[in-house]
Asks: 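My questions all concern the structure below.
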Amino acid sequence: MNINKNYQNIAESYLFSTIAKKVNEFAQNNTDKKIIRLGIGDVTLPLCKTVVEAIKAAADEMGIKETFRGYGPEQGYDFLKTKIQQYYLSHNVVLDLDEIFISDGAKSDLGNILDLFDFDNTVLVPDPVYPVYVDTNTMAGRKIIYANANADNNFLPLPDTTIKADIIYLCSPNNPTGAVYNKDQLKAWIDYANNNNAIILFDSAYECFITDETLPRSIFEIDGAKTCAIEFCSLSKTAGFTGTRCGYTVVPKDLEFENVNINKMWLRRQTTKFNGVPYIIQRGAEAVFTKEGQKEIQENLNYYKENAKIISDVLKKHNIWHIGGKQSPYIWLKCPNNMTSWEFFDYLLENVQIVGTPGSGFGKNGEGYFRLTSFGSRENTQEAAERLDKLLN
């Protein structure tokens with residue numbers, strides 16, 4: 001029996017596990033100090049009332065013989081898929097129901113989708129990037145190359161036609177930088193993928209934060225995407241499902257490689273390796289897309305956006321370069337005084353007890369940068385802004 005030795009090529013601990021360890025050690029030695037966590041992108045507002053009522057009603061159904069449900073369809077119930085189909089239509093994207101697959105979140109499917117692709121494929125990821133893209137492909141032993149995202153291109157790299165890639169990861173609004181691709185920029189990537197027989201894995205987990213109507217919320221708003229892209233989305237940030245777990249993946253039926261239909265491949269994979277998202281959770285997710293649900297969720301999103309503005313205003317006051325925050329819950333800032341990412345992490349933790357995420361944890365181009373999130377409570381965000389203001393003075 002031999003182990004998968006590719007696991008020896010990934011970091012011993014996940015970025016956020018390392019952060020948690022450092023913060024816990026500090027907390028144990030400084031029990032009198034309040035730590036404000038603006039690092040991990042976890043939400044703090046509860047599920048909205050409409051969603052909770054739907055989950056309660058579904059739980060009651062499971063206690064009655066006539067409405068009890070056992071195994072559901074691995075690709076999700078039609079009642080939820082229909083709501084998602086209508087949601088896409090509101091953004092001028094037409095989908096068939098069997099192009100929508102319900103998942104337990106974007107993170108799982110972003111890794112699991114790799115079951116469909118050969119290990120010899122070359123993977124292109126932006127740098128800096130969400131660590132899951134890199135780690136899941138490193139586990140499989142694939143060759144990884146990087147598209148340089150930096151201040152010069154506003155952390156939105158475009159394709160280099162001299163480079164050949166098979167699998168391309170894009171995230172917009174981006175994690176960690178908060179940068180958002182416009183339609184022309186996405187069109188450039190779509191043309192590159194179609195011309196090079198490549199596939200784009202498009203992470204749109206933060207699309208709900210886009211309010212600028214000129215910016216695409218789905219890659220399928222762009223012509224040509226259905227022959228080269230798969231889209232992953234999650235209700236974690238949209239509706240606070242980080243602990244409830246539900247998302248969806250869109251695999252167009254027009255997507256084919258080597259005369260094999262990718263939609264059918266994914267269906268076969270899911271029916272073999274996945275038992276589906278619980279009925280109770282899917283009823284809660286359905287409520288997300290109701291008129292009342294959308295209204296309540298937008299109130300939560302506005303709350304987080306105001307948090308982002310509070311943080312951004314302090315950074316602007318002290319002339320600290322940053323992007324994100326407007327169409328994204330993340331603020332990506334340049335560390336002051338040429339500090340490294342981890343130096344700034346320690347500096348904030350030790351001096352004002354604020355926890356963020358070192359940019360270097362997202363790749364070499366993240367060195368010297370830092371990510372703060374707007375998902376904290378209003379009280380904590382305002383207090384963090386006051387602490388930052390005094391520190392930066």
Side-chain angles (χ1 to χ4, degrees), residues 2-10 74-76 95 98-127 129-147 157 159-161 163-172 175 186 188-205 218-220 222 224-234 247-274 363:
N2 298 309
I3 63 166
N4 179 355
K5 293 183 174 58
N6 292 312
Y7 273 70
Q8 298 175 16
N9 297 324
I10 60 175
E74 294 91 345
Q75 63 272 34
L95 298 176
D98 51 6
E99 293 179 310
I100 301 168
F101 295 80
I102 308 304
S103 72
D104 59 358
K107 183 178 181 179
S108 299
D109 277 7
L110 281 162
N112 293 334
I113 200 75
L114 297 173
D115 282 4
L116 309 189
F117 311 127
D118 192 272
F119 294 128
D120 291 333
N121 284 310
T122 297
V123 180
L124 177 67
V125 297
D127 179 355
V129 71
Y130 181 40
V132 170
Y133 306 159
V134 175
D135 288 353
T136 50
N137 281 285
T138 301
M139 291 171 182
R142 290 188 181 87
K143 178 183 177 181
I144 301 173
I145 57 178
Y146 295 91
D160 182 344
T161 56
I163 294 175
K164 177 68 171 72
D166 305 301
I167 301 170
I168 303 161
Y169 281 87
L170 296 178
C171 179
S172 180
N175 178 12
L186 278 188
W189 278 110
I190 289 167
D191 289 345
Y192 171 90
N194 281 320
N195 292 335
N196 286 275
N197 197 39
I199 190 166
I200 297 172
L201 304 182
F202 188 76
D203 185 349
S204 65
S218 166
I219 196 170
F220 298 122
I222 317 299
K226 287 190 176 181
T227 55
C228 69
I230 296 174
E231 182 162 288
F232 306 82
C233 199
S234 169
Y248 47 92
T249 296
V250 178
V251 187
K253 289 189 287 188
D254 291 341
L255 195 59
E256 291 193 356
F257 292 89
E258 298 182 303
N259 296 317
V260 176
N261 187 277
I262 301 300
N263 179 283
K264 291 180 179 179
M265 280 187 75
W266 183 240
L267 176 63
R268 187 68 180 87
R269 189 267 176 204
Q270 292 298 80
T271 54
T272 301
K273 289 190 172 184
F274 185 55

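Please read all numbers here as calculations on a predicted model, not as lab measurements. Note that the numbering runs from 1 along the sequence shown for the chain.
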Asks: Tell me whether N4 contacts the main-chain N or O of M139 through its side chain, where contact means a donor paired with an acceptor under 3.5 Å.
Replies: yes
Asks: I'd like to check Y248 versus D109 (side-chain heavy atoms, cut-off strictly below 4.5 Å). Are they in contact?
Replies: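 Contact flag for Y248/D109 side chains = no.
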Asks: Side-chain contact test, heavy atoms from C-beta onward, threshold under 4.5 Å: evaluate it for Y146 versus I163 and give yes or no.
Replies: no
Asks: With rounding to the nearest 0.5 angstrom, report the CZ to CG distance, F101 to L267.
Replies: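 Nearest 0.5 Å value for the CZ-CG distance: 5.0 Å.
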Asks: Where do Y192 and I168 land on the side chain to side chain contact (heavy atoms under 4.5 Å, CB included) test, with the steps shown first?
Replies: CA-CA 10 Å; Y192 171 90; I168 303 161; 3.6 Å; yes
Asks: Is there a side chain to side chain contact (heavy atoms under 4.5 Å, CB included) between Y7 and I10? Walk through the geometry before answering.
Replies: CA-CA 6 Å; Y7 273 70; I10 60 175; 4.2 Å; yes
Asks: Could you tell me which non-hydrogen atom of I145 sits nearest to which non-hydrogen atom of A165, and how far apart they are?
Replies: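 Heavy atoms of I145 and A165 come nearest at CD1-CB, 4.4 Å.
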Asks: Would a 4.5 Å heavy-atom cut-off, applied to side chains only, mark F232 and I113 as touching?
Replies: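 F232 reaches I113 side chain to side chain.
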Asks: List the steps and the verdict of side chain to side chain contact (heavy atoms under 4.5 Å, CB included) for Q75 and W266.
Replies: CA-CA 10 Å; Q75 63 272 34; W266 183 240; over 6 Å; no
Asks: Run the side chain to side chain contact (heavy atoms under 4.5 Å, CB included) check on Y133 and C171 step by step: do they pass?
Replies: CA-CA 10 Å; Y133 306 159; C171 179; 3.4 Å; yes
Asks: Using distance only, find each side-chain donor-acceptor pair of residues 117-125 under 3.5 Å and give its atom names and separation, not counting sequence neighbours.
Replies:
unit_1	atom_1	unit_2	atom_2	d
D118	OD1	D120	N	2.7
N121	ND2	D118	O	3.0

Asks: So, do K226 and V250 sit near enough that their side-chain heavy atoms are less than 4.5 Å apart?
Replies: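 The answer is no, as the side chains (C-beta and beyond) never meet within the 4.5 Å cut-off.
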Asks: Under a 3.5 Å distance rule, please check whether K164 uses its side chain to pair with a backbone N or O of N196 as donor and acceptor.
Replies: yes
Asks: To the nearest 0.5 Å, how far apart are OG1 in T161 and CG in D191?
Replies: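 It is 12.0 Å, given to the nearest 0.5 Å.
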Asks: Quick one: pull up CD in E99 and CD in E231 and give me the separation to the nearest 0.5 Å.
Replies: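 If I round to the nearest 0.5 Å, the distance is 11.5 Å.
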Asks: Out of T136, I200, I144, which one pairs with Y169 under the side-chain contact (heavy atoms from CB on, under 4.5 Å) rule?
Replies: T136
Asks: Return the set of residues passing side-chain hydrogen bond (donor to acceptor under 3.5 Å, both in side chains) with S103 (not counting sequence neighbours), or none when no residue passes.
Replies: none
Asks: Starting at CD1 of I262, measure out to CD1 of I199 and round the result to the nearest 0.5 Å.
Replies: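 Rounded to the nearest 0.5 Å, the CD1-CD1 separation comes to 5.5 Å.
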Asks: Rounded to the nearest 0.5 Å, what separates atom CD in Q270 from atom CG in N112?
Replies: 6.5 Å
Asks: K253: which residues meet the salt bridge (charged side-chain N to carboxylate O under 4.0 Å, His left out) condition with it, sequence neighbours left out?
Replies: D96, D98
Asks: Could you check whether any side-chain heavy atom of I219 comes within less than 4.5 Å of a side-chain heavy atom of W189, counting everything from C-beta outward?
Replies: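 No, side chains not in contact.
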Asks: Is any side-chain heavy atom of V251 closer than 4.5 Å to a side-chain heavy atom of M265?
Replies: no
Asks: Side-chain contact test, heavy atoms from C-beta onward, threshold under 4.5 Å: evaluate it for R142 versus L114 and give yes or no.
Replies: yes
Asks: Between D115 and K273, does any side-chain N to carboxylate O distance fall below 4.0 Å?
Replies: yes
Asks: Tell me yes or no: between the side chains of T138 and N9, is some donor less than 3.5 Å from an acceptor?
Replies: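 N9 and T138 do not have a side-chain donor-acceptor pair below 3.5 Å.
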Asks: Over all heavy atoms of both residues, which pair between P157 and P126 is shortest? Give the atoms and the distance, please.
Replies: CG-CB, 4.2 Å
Asks: Do C228 and I190 make a side-chain contact, defined as non-hydrogen atoms from C-beta onward lying under 4.5 Å apart?
Replies: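 Counting from C-beta outward, C228 and I190 do come under 4.5 Å.
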Asks: Check F274 against E74 and note the closest heavy-atom contact, atom names and distance.
Replies: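 F274 and E74 have their closest heavy atoms at O-CG, 2.9 Å.
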